[in-house]
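Each remark here refers to the structure printed beneath this line.
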Amino acid sequence: AHANAMARRLAEQSPFAVRHAVEAHGVFVEMVEPTLKRLHASGWFASRFLDGSVRFMCAWATTAEAVDSLCETLRAIR
């Protein structure tokens with residue numbers, strides 16, 4: 001339940017279009033390759049999913065502070 005709540009928090013704050021409904025602990029967003037490279041260079045990791053979206057996964061240990069920090073970075077690299 002906590003991981004799902006953190007995924008919803010991420011989807012709500014993301015400056016990128018969410019490609020799929022958030023029904024569990026994953027968030028899939030539209031992101032071009034240069035932006036994904038900037039994300040990786042900033043120290044965060046997300047992977048390209050099968051449909052071309054970028055996948056973020058939350059877990060039981062994901063904190064609200066980590067989600068907020070990631071969203072700050074996403075806004076900065078956009």
| request: Determine, step by step, whether Cys71 and Arg75 satisfy the side-chain contact (heavy atoms from CB on, under 4.5 Å) criterion, reporting the C-alpha distance in whole Å, the side-chain angles of both residues, the deciding distance to 0.1 Å, and the verdict. | output: CA-CA 6 Å; Cys71 288; Arg75 286 188 290 275; 3.6 Å; yes
| query | Is there a donor-acceptor pair under 3.5 Å between the side chain of His40 and the backbone N or O of Ala46? | reply | yes
| Do the side chains of Thr62 and His25 get nearer than 4.5 Å, heavy atoms only? | no
| Can you tell me how far the CD atom of Gln13 sits from the CZ atom of Arg8, to the nearest 0.5 Å? | 13.5 Å
| task | Locate the shortest heavy-atom distance separating Cys58 from Ala3; write the atom from each residue and the value. | result | CB-O, 3.5 Å
| task | Among Ile, Leu, Val, Met, Phe, Trp and Tyr joined by side-chain contacts under 4.5 Å, find the other residues sharing a cluster with Leu10 and list them by chain and number. | result | Met6, Phe16, Val18, Val22, Val27, Val29, Met31, Leu36, Leu39, Trp44, Val54, Phe56, Val67, Leu70, Leu74, Ile77
| query | Can you tell me how far the CZ atom of Arg55 sits from the CZ atom of Arg19, to the nearest 0.5 Å? | reply | 14.0 Å
| message | Give me the atom names and distance for the closest heavy-atom approach of Ala24 to Ala7. | response | O-CB, 3.5 Å
